[in-house]
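Residue numbers begin at 1 in each chain, while the letters A, B, ... track the order of the sequences.
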Amino acid sequence: MKQLKFFIKKEFYHILRDKRSLLILLGLPVVQLLLFGFAITTEVRNAKIVVFDNSKDNVTQQIISKIQNNKYFLIDKTIYNQSQIEEVFKEGKIRLAIIFPNNFQNDLLHNNKAQIQIIADATDPNQATTLTNYVASIVNDFQQELNQQSKIILNIKTEYRMLYNPQLKGAYSSVPGVMGMILLLISAMMTSISIVKEKETGTMEILLVSPMKPWFVVVSKVIPYFVISIINVATIILLSVFVLGMPIKGSLLLLSFSTLLYIFCALSLGILISTVADTQQAAMIISIIGLMLPVVMLSGYAFPIANMPNILQWISNIVPAKWYIIIVKSVMLKGLGFEDIFDEIIILTVMTILFLIISIKRFKVRL
Amino acid sequence: MSTIEINNIQKKYITKSNTITALDNVSFTVDQSEIFGLIGPDGSGKSTLFRILSTVLLPDSGEAKILNYDVVRNFKEIRKIIGYMPGKFSLYQDLSVEENLNFFATIFETSIEENYELISDIYKQIEPFKNRRAGKLSGGMKQKLALSCALIHNPKILLLDEPTTGVDPVSRKEFWEILNKLKLNGITIVVSTPYMDEANLCDRIALIQNGKILDIDFPKKITEKFNKDIFSITSDNMYLLLNDLRKFKDTISCFAFGDSHHLVLEKNKIELIQLEKFLSHHKNLSIKKIKPTIEDCFMQMLQNKN
């Protein structure tokens, strides 16, 4: 026991004395989360638009003021001439144009229907869709108000609702992804590198020759990164709740439990990598290509899994992060309970056990 | 009973492109309280032999016993009685001298206090720097610390793989003095070195090349067995001198040895005068008949083999 205690102490010395790596280990999640939460966002804010009101009646004025009061749009009032439209779009001055035809109010009140033309810059299709949806929903709201006031029932009505992320906040989808990625990176990559480092510097030969049990080596290597992972999870959750304003709709206990399970899974994956790699470089390359890329590409974090070809969908099943991200989304955003994420938890548990069994089989008491 | 017995050890490394025979039918014994030297160039199989003896590598065939424990079957017992210093052993660079020693004491289930006497001679020399990180020590101090770490659990046998490689001459001398003291304490030491001059500091040596043992004997006996004349020759133009000497009709071999050339001739065949005459066109010529060194013997053995 004394051996194990001292060995763990030694591992903490290694980590704490390498100030630069420590900064990366603890700072990386913060930077990533804030970057994905604020800077790299799919959310649209202060989008410049232009409105051409050819009707200039009561109704159009009301709609325009509604759009104006919305924080997503900024109406550019310097453009008056409709013939300029194409030019300003090309220059990238505006993202969206709204055109009211002549006699808008007349048409609406007498024919019970009117048209608004919305032109969007679709070079960025996602953004264009988002913006037109915003405008459409504002117009819909207005229609409903009108319907309540008058007895005439207007025949255009679109139901519009964004599930779980009504404001389409980018952070909501990036937090689970960042958690899945950071934990895997720190637990698996750092653990494997630190075990392989002993092989590379020749100290492993001494450790093998010593009467110390081989699993002591592994446990001592794993514990410090386990601690760091927990610190990281706490940072990520605190930041996402208090800075990004994300709710935790489900049970915090359940979220913590499944996160611990995922950390164990990543750590055992790290041990497995260390039994395969002989140099720190190899361990790093295996971790980045074998873990990072699948997490980014195949976990459903960056690209929706449902849109992938069948073969990639199949491969995505063996990426542990995919299951963890489903768990986090279910618990944090949807507020689902244990029975809803039971399958995912079982899958992660089986993966962890599998990784550990292969590692134990592969761990050599000799060189 | 010998402390270490090695019988017909064979070890091959098989890679995709070729097979390298690291050890080819190696057999020898080491007695109690002996400093046994493995002398050979890089890649001759020394480290492989150390790894087999320290139980971290399995031989393809043959057997090795340390105090009657088999290195394959009884590896757990052997690991308790040996102190092993691997060739590329570099300690933990970011731990201090004291922390390194403490760590190795702990994993070998002992403490610095318990075995301080054993290492005090060596450790006293590095104790002033005990709070310094191992990575900032000089080569000699690093090796002393590594030796302290290998000794801390009071092993009966020390396996030192090239402990003096990359160490300055003064520290090398100190290191060998330490080994002699340890020997007097009853510790059996197997040490390897690529430096031929260190061979004379061993009790017995094995000359090893390409995984084959060329000879095993007392260093003195090995040089005595050398039954040829050897001359140390210098002149102003060393390059021309080497070419000339190699052209000499009775030359068996001639190699550059530091600042002079060593010429090997059949015993009592050529008089000094004949040589002087042959080399008369060289300026500042100096020819001395010398006693052979281990290196001369080693070179000769390699020549005979080819």
Side-chain angles (χ1 to χ4, degrees), chain A residues 1-25 190 193-221 223-225 275 278-282 362-367, chain B residues 11 13 47-48 50-59 66 71-72 75-96 98-112 133-135 142 146-147 149-150 152-153 155 157-159 161-162:
Chain A
M1 229 31 225
K2 203 183 150 209
Q3 290 176 303
L4 189 63
K5 229 174 92 187
F6 202 96
F7 205 129
I8 295 170
K9 206 165 105 189
K10 182 208 112 195
E11 290 308 316
F12 273 108
Y13 282 154
H14 285 323
I15 297 170
L16 294 177
R17 285 179 187 177
D18 190 355
K19 293 270 181 319
R20 231 172 304 168
S21 305
L22 186 67
L23 190 72
I24 293 173
L25 285 180
M190 298 310 290
I193 287 179
S194 94
I195 296 178
V196 171
K197 195 176 172 189
E198 301 261 357
K199 285 197 208 173
E200 221 179 46
T201 54
T203 41
M204 196 56 136
E205 273 181 66
I206 298 282
L207 298 180
L208 288 177
V209 169
S210 79
M212 206 170 68
K213 293 176 189 71
W215 66 267
F216 272 22
V217 180
V218 174
V219 170
S220 330
K221 289 277 169 191
I223 284 178
Y225 292 105
T275 64
D278 281 323
T279 61
Q280 294 180 63
Q281 245 170 344
R362 288 195 57 103
F363 196 89
K364 288 172 270 181
V365 288
R366 295 193 162 86
L367 278 183
Chain B
K11 179 75 193 175
Y13 292 113
S47 294
T48 305
F50 274 106
R51 286 182 173 155
I52 289 172
L53 285 178
S54 59
T55 75
V56 293
L57 199 67
L58 294 175
I66 298 181
V71 290
V72 180
F75 71 95
K76 279 186 181 149
E77 283 83 0
I78 288 182
R79 288 176 180 190
K80 283 177 194 145
I81 54 169
I82 57 163
Y84 172 42
M85 197 171 140
K88 58 173 182 179
F89 183 44
S90 54
L91 303 151
Y92 293 107
Q93 310 284 325
D94 51 349
L95 297 193
S96 73
E98 201 179 17
E99 283 162 349
N100 263 298
L101 194 57
N102 240 324
F103 174 74
F104 287 106
T106 311
I107 64 165
F108 279 96
E109 295 163 339
T110 178
S111 65
I112 298 183
R133 303 258 167 105
K142 259 185 203 162
L147 184 62
C149 293
I152 192 68
H153 59 293
I157 291 120
L158 260 185
L159 303 171
D161 191 3
E162 299 203 3

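Distance CZ/A:F7 to CZ/B:F103: 4.0 Å, rounded to 0.5 Å. Considering CZ of A:F6 and OG of B:S111, their distance stands at 11.0 Å, rounded to 0.5 Å. Atom CG of A:L208 sits about 8.0 Å away from atom OG1 of B:T55, to the nearest 0.5 Å. From A:L207, atom CG reaches atom CZ of B:F104 across 6.5 Å, with rounding to the nearest 0.5 Å. Here the CD atom belonging to B:Q93 is positioned 8.0 Å from the OG1 atom belonging to A:T201, to the nearest 0.5 angstrom. To the nearest 0.5 angstrom, B:F108 atom CZ is 9.5 Å from A:Q3 atom CD.
Across every non-hydrogen atom of A:V209 and B:S54, the tightest pair is CG2-O, 3.6 Å. Between A:G202 and B:P86, the shortest heavy-atom distance links the atoms O-CG, 4.0 Å. Minimum heavy-atom separation, A:E205 to B:V56: O-CG1, 4.1 Å.
With respect to chain A, the highest number of heavy-atom pairs below 4.5 Å among B:I82, B:I78, B:N102 belongs to B:N102. Options A:E198, A:K197, A:K10 differ in how many heavy-atom pairs under 4.5 Å they form with chain B, and the most are formed by A:K10.
Ion pairing of B:E109 with A:K2 is absent here, as no side-chain N (NZ or NE/NH1/NH2) approaches a carboxylate O to less than 4.0 Å.
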*Between B:E99 and A:R17, is a salt bridge (charged side-chain N to carboxylate O under 4.0 Å, His left out) present by the stated rule, with each step listed?*
CA-CA 13 Å; B:E99 283 162 349; A:R17 285 179 187 177; 2.8 Å; yes
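B:L91 is not listed as a side-chain neighbour of A:T203, based on a closest heavy-atom distance of 4.5 Å or more.
Contacts between A:E200 and chain B at a heavy-atom distance below 4.5 Å involve the backbone alone (N, CA, C, O).
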